[in-house]
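Everything below concerns the one structure shown next.
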There are 2 protein chains.
Amino acid sequence: MKVTIKDIAKATGFSVTQVSRALTGYSDVSPKTRENIIKVAKEMGYQPNYSARSLRRQRTHTIGLVIPSTRLALTDPFFLEFLSGIGYESSKTRYDLLISFSNNKNGQMKILKDLVLSRRVDGIILNRIENEDKRVSFLLEKKYPFVAFGKIESDGDHPYVEIDGFDATYQVTNHLIKKGHKKISFINVPEWQVCAKYRLAGYKKALEDYNIQFDDELVINNEETDSAGYSIVNEILKKNKHVTAFFVNSDVMAIGAVKALNEAKIEIGKEIALAALNDTNITQNMNPPITSLAQPIHLIGEKVTQMLIKILNNKDFKLKQVIIKPKLIIRESTSNMILN
Amino acid sequence: MKVTIKDIAKATGFSVTQVSRALTGYSDVSPKTRENIIKVAKEMGYQPNYSARSLRRQRTHTIGLVIPSTRLALTDPFFLEFLSGIGYESSKTRYDLLISFSNNKNGQMKILKDLVLSRRVDGIILNRIENEDKRVSFLLEKKYPFVAFGKIESDGDHPYVEIDGFDATYQVTNHLIKKGHKKISFINVPEWQVCAKYRLAGYKKALEDYNIQFDDELVINNEETDSAGYSIVNEILKKNKHVTAFFVNSDVMAIGAVKALNEAKIEIGKEIALAALNDTNITQNMNPPITSLAQPIHLIGEKVTQMLIKILNNKDFKLKQVIIKPKLIIRESTSNMILN
DNA sequence: ATTATCATCCAAAACGTTTTGGATAATTAA
DNA sequence: TTAATTATCCAAAACGTTTTGGATGATAAT
């Protein structure tokens, strides 16, 4: 029982053209006609066919997002706040969000290519930017609109929103050092992520500022999962390097770190300090609550979307980069423990 | 630089028809021709235009999901596992997932109507089914394919996957009673949710089986948020009803409950028992770990999607209901505390 | 009274596919 | 040899919009 523009044309006696123009707000339709057409359209429950409109207009009014269908992304509250921000903003302008899940068989690149070449979406949102990210170079080559969450290091002036990774780790490390810590184990995100090197740099700089020797063995890169956090903390403990503080680069990792420390009967906040990065409800609600770095991630999702939509509606939109400074939230896991 | 079927026709010397047929696997194309066309198509990076194909085929190969853009849905790991399951399954058959966010201005019903009437998606997945759910009656009226997560009580034989709410709460209550609890505060989901009454019934039945008087004042319905959990536990504590166990109907609520109990200096697992429902990483990783009800939610997401896709591809698919029994996971928050 | 302007309208083309309904030539059956 | 069958092809219609490029008649300007 789908009702098309033709049905309305027939019902009102006007041409298909006039109906279309009346409904989309052209000026060359008499007020009376427009009123009549709108009334009838409403009565008949007309809604323009999405595919037809997209085909003709050459725009789908949809934003694309490719995410791996592993549990990694979809159980990290950090990512979800981001997604929520995207949703919040896109719903404002009635853009829809198309989520394509990649899997083993169809990797991110394949899905992305399909999305772009089949013109299924008007623009793309990227996250977790890699060094020499292939997705970025593909989109640049195709001149396809996109905005990234994470710094892009390709040549040129591309739009992204970034959290200042150097500043983030500097703040935390600095805080820990001020509490008297010298042996701080730094558990970083995987090296292929662009932000990994900036985060490492911030950590190193803080040590340097206080003349603390950098120890290679205290730094480990791994995926942001709880199991990674668990095994790494165990590994470091086994090395017996007299570490007094752990700084994990994701809240999800903190879950595993806490578990490992609990099992080792090392009391967090008293015998060892623990800081994380992301400040989701994970670190907020742990026992003890864990020092973390607040990032306005919902807002970042909104911002990224807003930028993309602006680009979609205005080819000449001046591409901008946004850099956000995170805010240190000090909690019991580091605040009460003071070394000398 | 988009390449259409016409370009390939020109490049190979065949008609547009033949190119289309060769690419989609019709039998009346000679092997040599097909090979040639496929080769050229690949070389030129051809990908069928999605809108055009959808318009002609009258199917979009996309599944729709409407979620409120409040933080509620998108920070509940339970919902996210569900989403992840949907993604996992849909990616298998290359269906895409369109997420439409509702907001204050455009409510769920408006968004759903738009989605359906504009033929943007082939089918819909519903969750959090309400009593006399308007979405359900709308979809039934429009004869639009859908599958629900949650029991549907309208007349007729509609496809849904349900978790047995009666069994769930019965199991937990039974477990608590066996540990000696008689004053069990039952914090239920909002009444407008279909499952609320079944959950209440399971709780009541367990009490009845042990001849424990049902106390109205110990039962409260509210949203599944941490702040609700927090304020309700406080409220119950204030009533001074000598409650020995709290049973909250969502893991997210447990976050708030734990906070309230911590603040009141009541030790969980020793002075009071706490059980939740959902068994996400929230209850798993709390201190102490919290008894909860495991539900194969990822699998449910897969199942729902699978059912919907079957319906989409076979109008005569026998509609089925799936009912899932949750599994009690006993943890320290209830296991060590035994009353007499 | 004629021309210019304006308001209102519409037929047809276009978007890029898939499908319908044959056409043609080659092969097989009679 | 002729008729029937088969393999391979294609022009044109269709999907439901929006847009192009006027057409028409009424009003205003000259």
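Heavy atoms only: backbone and side chains are in, while hydrogens, waters and symmetry mates are out. Chain letters run A, B, ... following the sequence lines, proteins first, then strands; residues in each count from 1.
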Parallel, tilted or perpendicular: rings of A/His158 and A/Phe146 (30°, 60°): tilted
Aromatic plane relationship, B/Phe149 with B/Phe82 - under 30° parallel, 30 to 60° tilted, over 60° perpendicular: tilted
Short side-chain N/O contact to C/dC10 OP1/OP2 from A/Gln18, under 4.0 Å: no
Phosphate OP1/OP2 of D/dC15 contacted by B/Ser54 side-chain N/O (<4.0 Å): no
Cation-aromatic face contact B/Arg119/A/Tyr50, 6.0 Å, 45 degrees: no
Base versus backbone protein contacts along nucleotides 16-21 of chain C [heavy-atom cut-off under 4.0 Å; B, S, -]: BBBBBB
Nearest-Å distance for atom pair CG/C1', residues B/Asp7 and C/dC15: 14 Å
Rounded distance (Å) that lies between atom C1' of D/dA11 and atom CZ of B/Phe14: 16 Å
Distance-only donor-acceptor check, side chains A/Gln295 and A/Glu81, under 3.5 Å: no
Donor-acceptor pair between B/Asp96 and B/Thr62 side chains, under 3.5 angstrom: no
Salt bridge (Lys or Arg N to Asp or Glu O under 4.0 Å) partners of B/Asp157, counting only residues at least two apart: none
Sugar-phosphate, base or nothing in reach of B/Thr33, heavy atoms under 4.0 Å: sugar-phosphate
